[in-house]
Amino acid sequence: AQKITQTQPGMFVQEKEAVTLDCTYDTSDPSYGLFWYKQPSSGEMIFLIYQGSYDQQNATEGRYSLNFQKARKSANLVISASQLGDSAMYFCAMRGWETSGSRLTFGEGTQLTVNP
Amino acid sequence: GAGVSQTPSNKVTEKGKYVELRCDPISGHTALYWYRQSLGQGPEFLIYFQGTGAADDSGLPNDRFFAVRPEGSVSTLKIQRTERGDSAVYLCASSDPGLAPGTQYFGPGTRLLVL
C-alpha cells in the first residue's frame, strides 16, 4: 500500500519568490514514481513534474523542480519565481510499479496562494 | 480538443436516481482511469481500464457503481440508486502505457450533486 502525506494545508508566497511544498510518502514498493499535479479552481488536474525512484538526478520542468530525498522518503515541489497564476491546489501522488498496479495514490493537497 | 473530455460538467440528481457520467480519453491512449474527489480531499482511485477490459476495479465502493468501455475508447461510469454521499467530483484520466512513465492526464471532471 502507498501513503502520501502533505502536511501544509495552506501556503502563502509573495509574487516572484520561491516556495517549497512538502510531500512525504510511504511504500513497500522497491520501484515507484512520484507525480505533482496542480488543480486550479476550475477543477482540472494539470500534470507538472515526475520523479522516478531510481532517477539519479532531481527532476526539473521550467520553474518547477523536485527536491527528492529517497532516504527521507520526501519529494518536495519547488516553484521558483512564483506568479499570480500559480495560485491553486497542489497534489503529490505516487504509483508503485510492482504492487499498486496503475492507480495513483494522492495526498490531501496544499492550497498555494501567491500574493502580489 | 486534444485533452480528456468529460460530460456532463455538472449533474444534479435526486437520491435514488440513476446517473451516467461519460469520459472521452486522449486519442490513442489505451489506459483509462476513474477517480472520485470529495470536497477538500485528494482524488481516490475507482477503476482502471486497459483497452476494453477493467484491469482493476478494486476502488469501486460498492455494487451500485459500475463502469464500461465497450470499444476501448469512451467510458461510462454508472451509479445506481444514488445516495447523498455519492456527491463529489468524478475525474477521468487517460495514459499511454507504452510511453514511460505512463503519466495520467486528467479531464475537467463531472461535479455530481445528489439531493
Side-chain angles (χ1 to χ4, degrees), chain A residues 1-10 21 23-25 29 31-55 59 61 64 66 68 75 88-111, chain B residues 1-6 8-11 23 25-26 29-51 53-60 88-113:
Chain A
Q2 280 78 34
K3 182 176 173 60
I4 295 284
T5 302
Q6 294 181 255
T7 58
Q8 306 155 314
L21 306 183
C23 171
T24 58
Y25 60 90
D29 242 308
S31 178
Y32 50 89
L34 295 151
F35 301 79
W36 277 91
Y37 286 86
K38 171 184 179 181
Q39 189 176 42
S41 55
S42 59
E44 186 165 353
M45 299 282 283
I46 301 167
F47 167 69
L48 296 177
I49 194 167
Y50 166 80
Q51 178 82 44
S53 59
Y54 288 110
D55 291 345
E61 286 287 348
Y64 304 108
L66 212 151
F68 180 50
M89 198 75 168
Y90 289 80
F91 289 97
C92 180
M94 78 176 300
R95 174 183 169 180
W97 299 115
E98 295 186 15
T99 64
S100 70
S102 294
R103 67 175 64 191
L104 287 174
T105 300
F106 286 84
E108 295 199 344
T110 295
Q111 179 69 48
Chain B
V4 177
S5 62
Q6 293 186 245
S9 53
N10 293 281
K11 177 71 176 177
C23 172
I26 292 172
H29 280 191
T30 58
L32 185 146
Y33 313 80
W34 284 98
Y35 292 82
R36 179 168 69 174
Q37 186 176 22
S38 299
L39 194 63
Q41 298 184 13
E44 292 181 314
F45 170 80
L46 294 176
I47 186 169
Y48 154 56
F49 287 90
Q50 178 54 48
D56 181 0
D57 64 357
S58 61
L60 295 177
V89 176
Y90 289 81
L91 294 166
C92 177
S94 71
S95 72
D96 179 354
L99 187 64
T103 299
Q104 296 180 25
Y105 296 93
F106 285 79
T110 293
R111 287 161 181 76
L112 175 66
L113 177 62

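First the proteins, then the strands, lettered A, B, ... as listed; each starts at 1.
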Which atom pair, heavy atoms only, marks the closest approach of [X] to [Y]?
X	Y	answer
B/Phe106	A/Glu44	O-OE2, 3.4 Å
A/Tyr50	B/Pro101	CZ-CB, 3.4 Å
A/Met45	B/Pro43	CE-CG, 3.9 Å

Give a yes or no on whether the backbone of B/Gly42 and the side-chain of A/Gln39 come within a donor-acceptor separation of less than 3.5 Å. no
By a 4.5 Å heavy-atom criterion (distance strictly below it), what part of B/Leu91 contacts chain A: side chain, backbone, both, or neither? side chain
Checking B/Glu44 against chain A: side chain, backbone, both or neither under 4.5 Å from a heavy atom? neither
Find out whether [X] and [Y] are in side-chain contact, i.e. whether some heavy atom of one side chain is under 4.5 Å from a heavy atom of the other.
X	Y	result
A/Leu104	B/Tyr33	no
A/Ser102	B/Gln50	no
A/Tyr37	B/Thr103	yes

Ranked by heavy-atom pairs below 4.5 Å to chain A, first place among B/Gly109, B/Ser58, B/Ser95 goes to B/Ser58
In Å and rounded to the nearest 0.5 Å, what is the CZ to CD distance from A/Phe35 to B/Gln104? 7.0 Å
Crowded around A/Gln8 CD? As in, over 12 foreign heavy atoms under 6.0 Å? yes
